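Before any comments, here is the structure.
All figures in this text were calculated on a predicted structure; none of them were measured in a lab.
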Amino acid sequence: MIVLAVALLALFSGAGITWLPLLAIGPALAAATSKPWGVLRIGVLAVALGAALGIHGGAPGRDQAIVLTTLAAVTLASSLASALRERRERVLAAVRSVAEAAQHALLQPVPATVGPFQVAVRYSAAAAEARIGGDLYALVPTPYGVRLIVGDVRGKGLPAVGTAALVLGVFREAAYDEPDLLEVVGRIERSLTRNLGSDDFVTAVVVGYPQAGRMEVVNCGHAPPLVLRESGVLAVEPVHPAPPLGLSALSGESPSLQVLPFTDGDQLLLYTDGVTEARDHSREFYPLVERVARHVSDDPSRTLAALHDELLAHVGGQLHDDAALLLLRKPAVAAASSGPAPEPEALDAVGP
């Protein structure tokens, strides 16, 4: 269309070959969307129209030769650019395929129901092409109850992905082997101490549900989980703050175990700082506690879908850090079989 528009302009303006160099726009733009042979066809059309209009306008032979040579050169260059673009697209498609396979290997899909819980997960990498980043999560049923981890690796790129893979591998193994949740955390800590540099660390929350009504939480420098109840939203702040995983040897402090009641209808939200530190155009942080209270429902997937959509709207559509959300809900059983609900208890802290 551009080639024909330029040709008509040159034909009816009576300006000789003044407009003919603009014919090069056709093959140049075609390189962005068309295959090499398509670019060549458009270039040949531009050269043919240029020659015909030059003859029709009585352009000097030397000037016409310069214009046609320019059109031919632009066409060849555009065809080469189109071929390179196609090659890059094939490479990118292969990289995306590998990244998606890596995502499924590291961040395995979580079923909608695990043990006694309804579960939903939302994960967004800041770089959409990467598909994965430094945030991590896992949820596994074990002989000691359902156990899960949500964490955030310091740094970005392939080193962060490698560290996330290490943490998840150790967690999945230890969660099945260790009766004590603190020992699960200890095995992750020892593995990171052997394999990470002195400046590397991982913030994480490790959670276990060893028996009905009892939830165990170990927080290692991570954002506090949120317990969602009919009475409101409660942030589970650590009673004895512990350093991130990989740094306990430097600080001399050990993580502690918190125990909280978790009954029918309760929900637990774990997340990474990519959610709470997301800013809008006014540099205001995303108010997670306020918004989750607004969107909470009996369907975890619907709750997280609403939160995720609102989070993207808050930042204008593009996250600048990886963000993960994991929501557990303990469904209420039938009144006839559930009996009276236990009274709420205060949070307890148990030393290592």
Exercise. Using ring-ring contact (aromatic ring centres under 6.0 Å, His included) as the criterion, list what pairs up with H314, not counting sequence neighbours.
Key: Y286
Quiz item: Can a salt bridge be assigned to the pair D200 and R154 using a cut-off of 4.0 Å between side-chain N and carboxylate O?
Solution: yes
Quiz item: Do side-chain atoms of S297 reach the backbone of D299 as a donor and acceptor pair under 3.5 angstrom?
Solution: yes
Quiz item: Once the angle between the rings of Y271 and H222 is folded into 0 to 90°, is it parallel (under 30°), tilted (30 to 60°) or perpendicular (over 60°)?
Solution: tilted
Quiz item: For the residue pair L311 and A278, what are the closest heavy atoms and their distance?
Solution: CD1-CB, 3.6 Å
Quiz item: How about T276 and D273: does a side-chain donor come under 3.5 Å of a side-chain acceptor?
Solution: no
Quiz item: Do side-chain atoms of R147 reach the backbone of A175 as a donor and acceptor pair under 3.5 angstrom?
Solution: yes
Quiz prompt | Check ion pair R294-E290 (N to O, under 4.0 angstrom) | solution = yes
Self-check item: Working for side chain to side chain contact (heavy atoms under 4.5 Å, CB included), residues F171 and L136
Solution: CA-CA 11 Å; F171 169 77; L136 58 95; over 6 Å; no
Quiz item: So do the side chains of I42 and L45 get within less than 4.5 Å of each other, counting heavy atoms only?
Solution: no
Quiz item: Does some side-chain heavy atom of L148 sit less than 4.5 Å from a side-chain heavy atom of L328?
Solution: yes
Quiz prompt | Side chain R85, main chain A31, donor-acceptor under 3.5 Å | solution = yes
Quiz item: Can you find a heavy atom in the side chain of L168 that is under 4.5 Å from one in the side chain of I149?
Solution: yes
Quiz item: Do the non-hydrogen side-chain atoms of D322 and Y123 ever get within less than 4.5 Å of each other?
Solution: yes
